[in-house]
Amino acid sequence: MNKRELKGNVKEAYSSKEKRIMVEEIRSGLLSFRESIQKHPVSGSVLQKWNRCYFKTRLLGVLSN
């Protein structure tokens with residue numbers, strides 16, 4: 001067992017760039033949602049939240065031009 005498994009619920013801080021990379025892997029089709037969760041130590045609900053925020057930010061950028 002690694003330290004993460006022993007500690008249980010551990011919050012990790014991710015930079016905006018790391019969050020964007022994780023979301024773009026899913027949006028581009030490089031990874032499925034499930035594969036991304038397995039690859040990165042982040043919960044599915046958090047990843048969904050980041051995905052929604054990313055979409056809203058990108059959509060606002062397109063609409064404001």
Side-chain angles (χ1 to χ4, degrees):
M1 254 188 209
N2 63 29
K3 289 181 184 178
R4 181 170 173 74
E5 291 171 338
L6 292 174
K7 286 186 177 181
N9 189 8
V10 176
K11 288 189 175 186
E12 295 201 24
Y14 293 99
S15 69
S16 296
K17 183 179 178 180
E18 290 172 317
K19 292 175 186 179
R20 189 180 72 245
I21 289 170
M22 287 183 225
V23 170
E24 287 178 352
E25 286 176 339
I26 295 169
R27 290 194 158 276
S28 69
L30 186 62
L31 292 176
S32 71
F33 189 78
R34 183 169 292 193
E35 289 169 335
S36 184
I37 292 170
Q38 291 172 348
K39 179 180 176 183
H40 305 287
V42 63
S43 73
S45 61
V46 170
L47 196 53
Q48 285 176 335
K49 179 179 149 188
W50 294 346
N51 192 17
R52 282 191 302 273
C53 290
Y54 175 83
F55 178 74
K56 288 178 185 177
T57 303
R58 297 286 291 192
L59 185 61
L60 288 175
V62 170
L63 294 177
S64 66
N65 289 333

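Numbers here are sequence positions counted from 1. All values derive from a computational prediction rather than experimental measurement.
- One distance of note links NZ of K39 with OG of S32; it measures 11.5 Å at 0.5 Å rounding.
- Counting heavy atoms from C-beta outward, R20 and W50 have side chains that stay 4.5 Å or more apart.
- A single hydrophobic cluster is seen to contain both V46 and F33, as judged by linkage of ILVMFWY side chains at heavy-atom distances under 4.5 Å, directly or through other members.
- Remark: I26 CD1 to I37 CD1 distance equals 7.0 Å, nearest 0.5 Å.
- By the rule that hydrophobic residues join a cluster once side-chain heavy atoms approach within less than 4.5 Å of another member, M22 and Y54 end up as members of one cluster.
- Counting heavy atoms from C-beta on, the side chains of Y14 and P41 come closer than 4.5 Å.
- Looking only at side-chain heavy atoms (C-beta outward), S36 and L47 come within less than 4.5 Å of each other.
- The closest side-chain heavy-atom distance from R27 to N51 is below 4.5 Å.
- The main-chain N or O of S45 is never found under 3.5 Å from a side-chain atom of Q48 such that the two would form a donor-acceptor pair.
- Inspection of the E25 and H40 side chains reveals an N or O donor paired with an N or O acceptor under 3.5 Å.
- Of the possible polar contacts, one joining the E18 side chain to the S15 backbone as a donor-acceptor pair under 3.5 Å is found.
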